[in-house]
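Just so you know, these numbers come straight off a predicted model, no measurement behind them.
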Amino acid sequence: MLYRYIYPLEGRVTLDGGLNNKFARALIPDNESPDCANVVFDNGAVGTREGVSRLNTDAVAGSVCDGLYTRNAQDGSETMIAFYNGNMYALAGTTFTTVSSGESLYTAGQKMHTAMYENYMFLCDGAINSYKWNGAELTRHGIPAPTVTMTAGTNATGGLLSGAYRWKLTNINSNLVESDVGPVTVTFASAIGESVKISGIPVAATSHGINTRKLYRTIASGATYLLVATIENNTATAYTDNIADASLGAIAPTDQGQPPKYEAIVYHQDRLFMNDPTQPNYVRYTELGNPYVVKSTNFIKIGDNTSDILKGFGVYENGVVAFGENSIYIIYMPDTTAANWIMLKANSPFGCKSRFSISNYDNKVLFPAIKADKFVGFAAIEGINVEPNVSFFSKVVAGSFLKSDKIETNMFLISDGQVAKISSIVFQNKIYVAVAHGLTQTSNNRIYVFDFSLSNLNKPTPFSWAPWTGLTPAFFTIYDGKLYFGGADALGFIYRLNAGTYNDNGAAIDSYFWTKEYSGLPGHENFWKDFRFSNLLIDTPGAYNMDVVVRVDGRSDDDSTYDVDVNPGGRL
């Protein structure tokens with residue numbers, strides 16, 4: 001026995017290190033826990049997490065949430081958007097109403113991905129054409145070109161045309177961006193001094209978002225298409241062409257391609273970057289300052305299109321990170337000129353399969369790491385910008401530097417088949433990561449909170465992990481400064497996290513934190529210890545009790561439970 005020692009010699013043991021169940025209970029740092037759940041850490045202390053509450057009073061739909069996002073308008077207003085059962089919904093008060101043009105537009109079960117740019121939310125699920133939403137109108141992301149062939153015929157009155165001509169048409173969206181030209185008319189031979197009536201001019205579908213069209217024509221026997229006129233509507237089906245060759249305007253645009261039916265999209269440096277399911281190892285990108293056009297030459301090839309295909313994106317400093325299933329590529333952008341971009345393959349043995357789980361923190365990018373088609377935990381990309389060359393990213397945190405190394409045993413219980421459903425969000429110096437915990441689990445049923453706050457300098461590492469159970473997030477979003485998630489439980493509700501109560505919509509929270517097995521002072525690890533007193537500093541937040549359970553080191557069948565009154569003025 002050791003007598004008359006006080007542990008620790010000075011100060012106190014903090015309880016803010018988070019979960020560490022990889023190493024022996026006696027060997028982990030004093031502030032870490034071999035087993036905890038539903039707790040938060042603040043200023044050296046551990047406490048029960050706040051509960052969740054329902055946002056919507058009526059269920060949106062009896063299905064899993066396929067997407068939850070917030071449109072942040074340029075005027076500062078916000079709109080929460082939810083996707084359920086193939087429909088798009090917008091929040092009004094505590095009720096979600098169907099966006100009429102987004103009704104039955106999508107495929108139930110297809111997960112939606114979005115990006116904000118130019119006051120639009122751009123969105124697609126990989127199965128339908130991509131769209132954009134400005135808070136009022138849901139229209140096609142790109143500008144569909146006309147598909148109907150027009151007809152040219154002699155007009156009743158004379159005019160200025162003489163010779164053989166052909167015509168083409170373009171569509172123009174509300175942002176004054178043109179489509180590719182549509183099909184060419186049959187060559188029309190005009191008599192000397194004639195005008196030509198163009199009929200059958202196609203009217204674009206409402207969903208295409210077309211307000212204006214432009215008519216182009218060759219000069220007599222020419223091959224280049226020049227502007228005849230701008231049709232300032234989307235209703236007229238005929239036009240009389242009486243424009244002399246010398247008065248024709250600008251050349252018709254070419255290669256005004258539409259975005260693909262992307263599954264992943266990200267904004268960076270005045271462009272949108274997206275994947276292309278038809279060419280799974282291509283990174284497609286829009287024109288500079290023009291998010292509606294993807295030219296045929298606007299692509300970067302990564303991976304091998306067989307076992308290593310593109311799955312998601314992140315942004316790191318001046319680069320876009322492209323995550324393949326087996327590798328990671330960084331497109332370094334010293335400026336906005338695509339010719340100056342440099343593509344690097346990161347020095348990492350990992351890939352990633354979840355496009356919804358890539359989060360930035362402390363100048364790093366956290367992602368679910370895949371190796372040999374198996375989920376191994378969460379890793380982070382970090383590096384230093386030395387020069388815009390092959391040394392741009394000097395390292396990738398990998399191997400023994402996995403950020404989830406301390407909770408490795410938990411990571412091995414995340415279902416490999418459900419990794420694509422992992423989702424995450426950064427909120428108030430924490431990353432909330434939703435996973436399917438349990439090898440037979442088929443939907444997300446747990447949150448791991450990655451706390452990277454540096455507020456407590458006593459931490460041996462500047463982050464901690466804590467599992468939160470009893471929650472089923474499919475997607476997260478931040479709305480009105482608060483954190484919400486859409487359920488993977490097929491109940492049709494949106495829930496607010498950290499809602500200020502200590503119950504989950506009325507259900508009790510199973511919150512606990514076991515301390516490590518304390519060895520006493522250095523050098524006493526192998527001695528018998530006889531702790532006579534333990535002083536616990538606790539908050540007194542309300543009229544309820546807290547259990548303090550004491551165990552002999554190495555045993556779990558000999559508990560002594562003490563009931564602590566946490567009511568102000570209460571006592572043990």
Side-chain angles (χ1 to χ4, degrees), residues 113-117 122 124 126 130 141 257 259-260 262-305 307-361 363-370 379-398:
H113 209 237
T114 73
M116 282 296 304
Y117 182 36
F122 294 90
C124 194
S130 53
H141 180 162
Y262 49 81
E263 298 168 309
I265 183 170
V266 71
Y267 166 80
H268 185 57
Q269 286 194 2
D270 276 346
R271 298 180 194 261
L272 294 173
F273 295 79
M274 61 209 75
N275 75 320
D276 184 350
T278 64
Q279 294 176 299
N281 60 331
Y282 276 33
V283 178
R284 301 280 185 185
Y285 56 89
T286 59
E287 288 288 271
L288 181 66
N290 175 2
Y292 316 104
V293 171
V294 178
K295 292 187 179 296
S296 61
T297 55
N298 286 12
F299 70 90
I300 297 172
K301 185 178 178 181
I302 72 164
D304 58 14
N305 201 25
S307 62
D308 190 17
I309 60 178
L310 182 62
K311 286 296 183 180
F313 296 102
V315 173
Y316 181 44
E317 295 188 351
N318 277 347
V320 169
V321 185
F323 290 91
E325 288 188 339
N326 296 314
S327 58
I328 302 170
Y329 293 83
I330 301 99
I331 306 167
Y332 172 58
M333 303 174 184
D335 52 44
T336 57
T337 303
N340 295 333
W341 298 350
I342 302 168
M343 188 176 73
L344 311 171
K345 187 176 184 298
N347 180 25
S348 168
F350 300 132
C352 179
K353 287 187 176 181
S354 176
R355 59 190 182 276
F356 308 110
S357 59
I358 299 161
S359 298
N360 290 72
Y361 80 100
N363 203 30
K364 304 176 183 65
V365 181
L366 190 78
F367 66 97
I370 299 295
I381 295 174
E382 59 180 325
I384 53 175
N385 183 359
V386 288
E387 291 290 341
N389 56 32
V390 294
S391 300
F392 171 58
F393 285 85
S394 64
K395 63 178 179 178
V396 171
V397 178

For this session: Determine whether Asn318 and Gln269 make a side-chain contact, defined as any pair of heavy atoms from C-beta on separated by less than 4.5 Å.
Result: yes
For this session: Please tell me if the side chains of Gln279 and Arg284 come closer than 4.5 Å, counting only heavy atoms from C-beta onward.
Result: yes
Problem set entry | Main-chain N/O of Phe350 paired with Ser348 side-chain donor or acceptor, under 3.5 Å | yes
Exercise. Are the side chains of Val266 and Leu272 in touch, meaning some heavy atoms are under 4.5 Å apart?
Worked result: no
Problem set entry | Nearest-0.5 Å distance that lies between atom OG in Ser130 and atom CD1 in Ile265 | 7.5 Å
Seminar exercise, completed: Contacts of Tyr285 meeting ring pair (Phe, Tyr, Trp, His ring centres under 6.0 Å) (sequence neighbours excluded), chain-then-number -> Phe273, Trp341
Exercise. Is any side-chain heavy atom of Phe313 closer than 4.5 Å to a side-chain heavy atom of Val320?
Worked result: yes
For this session: Report yes if some heavy atom in the side chain of Glu317 is under 4.5 Å from a heavy atom in the side chain of Asn363; otherwise report no.
Result: yes
Problem set entry | Euclidean distance, Thr286 OG1 relative to Lys295 NZ, rounded to 0.5 Å | 11.5 Å
Seminar exercise, completed: Here the gap from Thr337 atom OG1 to Leu288 atom CG, rounded to the nearest 0.5 Å, amounts to 8.0 Å
Problem set entry | Results of ring pair (Phe, Tyr, Trp, His ring centres under 6.0 Å) for His141 - residues two or more places apart only | Phe122, Tyr262
Exercise. Would you call Met116 and Tyr267 a side-chain contact if the rule is heavy atoms closer than 4.5 Å?
Worked result: no
For this session: Mind checking salt bridge (charged side-chain N to carboxylate O under 4.0 Å, His left out) for Glu325 and listing every partner two or more places apart, or none if nothing turns up?
Result: Lys311
For this session: Check each of Leu310, Ile302, Ile358 against Phe323 using the side chain to side chain contact (heavy atoms under 4.5 Å, CB included) test, and report the only one that passes.
Result: Ile358
Exercise. Of Pro277, Pro280, Cys124, which is the lone residue that meets side chain to side chain contact (heavy atoms under 4.5 Å, CB included) with Glu263?
Worked result: Pro277
